[in-house]
Amino acid sequence: QVQLVESGGGLVQAGGSLTLSCAASYRTFSTNAMGWFRQAPGKGREFVARISSSITSTYYSDDVKGRFTISRDNAKNTVSLQMNNLKPEDTAVYYCVAGLRISVSPNSSYYWGQGTQVTVSS
């Protein structure tokens with residue numbers, strides 16, 4: 001059974017930073033791509049970032065490129081999202097996902113965490 005547990009969300013002022021973490025509890029973690037999606041109030045889920053199983057490839061949405069950094073530690077079964085220069089429009093519930101491939105579509109077949117709230121005040 002795959003379990004993904006996010007942590008690190010909270011309230012931060014615009015321009016501040018937060019680091020989200022996701023702990024995965026399954027043996028094949030190192031063979032799966034990992035990613036983050038987010039869902040703002042009244043909107044659908046949108047892609048934020050992904051990282052390959054081998055850690056050699058990362059990809060970001062245009063909205064967060066240059067401000068967010070995704071990383072993973074296959075020895076610890078964790079993936080992180082370092083978020084800098086946060087903006088009010090980054091306010092959303094952030095979800096960790098795992099899958100053989102992570103596309104920009106939230107409708108593909110992934111395992112999902114329960115989400116963690118990030119609120120950025122202006």
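Nothing here was measured: the structure is a model prediction, and the numbers come from that model.
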*Asks:* Measuring from D63:CG to E89:CD, what's the distance to the nearest 0.5 Å?
*Replies:* 8.0 Å
*Asks:* Can you list everything that forms a side chain to side chain donor-acceptor pair (under 3.5 Å) with T19? Sequence neighbours excluded, please.
*Replies:* Q82
*Asks:* If I take atom SG from residue C22 and atom CD from residue Q3, how far apart are they, to the nearest 0.5 angstrom?
*Replies:* 10.0 Å
*Asks:* Please check if the side chain of R50 supplies one atom and the backbone of I102 the other of a donor-acceptor pair under 3.5 Å.
*Replies:* yes
*Asks:* Would you verify whether the NZ or CZ of R72 falls within 45 degrees of the ring axis of F29 while also being under 6.0 Å from that six-membered ring's centre?
*Replies:* yes
*Asks:* Could you give the distance from CG (L18) to CG (N84), rounded to the nearest 0.5 Å?
*Replies:* 9.5 Å
*Asks:* For the atom pair CG (L81) and CD1 (I70), what is the distance rounded to the nearest 0.5 Å?
*Replies:* 6.0 Å
*Asks:* Checking side-chain hydrogen bond (donor to acceptor under 3.5 Å, both in side chains) for the pair Y110/S105: CA distance, chi angles, key distance, verdict?
*Replies:* CA-CA 10 Å; Y110 310 131; S105 169; 5.7 Å; no
*Asks:* Where do V118 and M83 come nearest, in terms of heavy atoms and distance?
*Replies:* CG2-CE, 3.9 Å
*Asks:* Can L86 be reached from Y60 by stepping across I, L, V, M, F, W or Y side chains whose heavy atoms are under 4.5 Å apart?
*Replies:* yes
*Asks:* Could you give the distance from CD (E6) to CD (Q117), rounded to the nearest 0.5 Å?
*Replies:* 12.0 Å
*Asks:* For M34 and V79, work out which heavy atoms get closest and say how close.
*Replies:* CE-CG1, 3.8 Å
*Asks:* With sequence neighbours excluded, tell me which residues meet side-chain contact (heavy atoms from CB on, under 4.5 Å) with S52.
*Replies:* S54, T56, S57
*Asks:* When you measure from the side chain of T91 to the backbone of V120, do you find a donor-acceptor pair of N or O atoms at a distance under 3.5 Å?
*Replies:* yes
*Asks:* Closer than 3.5 angstrom, by distance alone: can the side chain of T119 be matched with the main-chain N or O of L11 as a donor-acceptor pair?
*Replies:* no
*Asks:* Counting C-beta onward and ignoring hydrogens, is there a side-chain heavy-atom pair between P106 and W112 closer than 4.5 Å?
*Replies:* yes
*Asks:* Output all residues satisfying salt bridge (charged side-chain N to carboxylate O under 4.0 Å, His left out) with K43, sequence neighbours left out; order by chain, then residue number.
*Replies:* none
*Asks:* Show your working on ring pair (Phe, Tyr, Trp, His ring centres under 6.0 Å) between F68 and W36 and close with a plain yes or no.
*Replies:* CA-CA 11 Å; F68 291 11; W36 292 90; 9.9 Å; no
*Asks:* Which pairs with one or both residues in residues 47-80 pass disulfide (SG to SG under 2.5 Å), sequence neighbours excluded?
*Replies:* none
*Asks:* Same hydrophobic cluster for L20 and V48, using side-chain heavy-atom links shorter than 4.5 Å among ILVMFWY?
*Replies:* yes
*Asks:* Suppose we screen for ring-ring contact (aromatic ring centres under 6.0 Å, His included). Which residues come up paired with Y59, at least two apart in sequence or across chains?
*Replies:* F47
*Asks:* Would N32 and S53 count as having a side-chain donor-acceptor pair, cut-off 3.5 Å?
*Replies:* no
*Asks:* Just distance, no hydrogens or angles: give the donor-acceptor pairs under 3.5 Å from side chains in residues 94-101, sequence neighbours left out.
*Replies:*
{"from": "Y94", "atom 1": "OH", "to": "R38", "atom 2": "NH1", "distance (Å)": "2.9"}
{"from": "Y94", "atom 1": "OH", "to": "D90", "atom 2": "O", "distance (Å)": "2.7"}

*Asks:* Do Y111 and I51 share a hydrophobic cluster (ILVMFWY, side-chain heavy atoms under 4.5 Å, transitive)?
*Replies:* yes
